[in-house]
Amino acid sequence: MKEQIFTLQPPFGKPVHLYKNVWEGGMLRETLSIVGGLQGDQLNGLYIASQLSRFLQAVEEGREDGYKISGKIQIFPLANMPALENGTRFWGLDNLDFDLAFPGSSVGDASERLCN
């Protein structure tokens, strides 16, 4: 279920890791992606991602009668750990708001690469 998909070493500080939780069921024609924790001062998305992950895990294990997973669901519970640690909306290195940075850039600054 939990999978580390990206690691970034900023110019200073500890490495930043991006994780996702994945569930697959039935035909994999469709993928639903949910991203939380874009801004460190808003915890609602992180909370909802956590609750949804718990529910989907219960469905996968057969503990939720009447529900089944169809397609692929991936949840990125926390995209901006440095902002959460600092209790701010912005990435500390460049004051970028992740909510406005998507889809990012594979050759951009650290925060743009993480959004990509």
At their closest point, which heavy atom of [X] faces which heavy atom of [Y], and how far apart are they?
X: Q9; Y: P15; value: OE1-CG, 3.2 Å
X: L18; Y: A79; value: CD1-CA, 3.9 Å
X: P77; Y: A49; value: CA-CB, 3.8 Å

Does [X] reach the side chain of [Y], with side-chain heavy atoms less than 4.5 Å apart?
X: F76; Y: I5; value: yes
X: I75; Y: L56; value: yes
X: L46; Y: L78; value: yes
X: L43; Y: L84; value: yes
X: Q74; Y: T31; value: yes
X: I73; Y: V22; value: no
X: E64; Y: Q57; value: no

Single-linkage hydrophobic cluster, 4.5 Å side-chain cutoff, I48 and F55 together: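 No: no chain of side-chain contacts under 4.5 Å links I48 to F55.
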ILVMFWY cluster, Y47 and M81 together (side-chain gap under 4.5 Å):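 They do not share one cluster, since no chain of ILVMFWY contacts under 4.5 Å joins Y47 to M81.
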To the closest 0.5 Å, what do you measure between [atom1] ([X]) and [atom2] ([Y])?
X: Q4; Y: Y19; atom1: CD; atom2: OH; result: 4.0 Å
X: E24; Y: E60; atom1: CD; atom2: CD; result: 9.0 Å
X: L52; Y: W23; atom1: CG; atom2: CH2; result: 6.5 Å

CA sep, side-chain torsions, deciding dist, call: K72, E30, side chain to side chain contact (heavy atoms under 4.5 Å, CB included): CA-CA 6 Å; K72 181 178 181 178; E30 303 288 332; over 6 Å; no
Distance-only donor-acceptor check, side chains S53 and N21, under 3.5 Å: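 Their side chains do contain a donor-acceptor pair, which is all the 3.5 Å distance test asks for.
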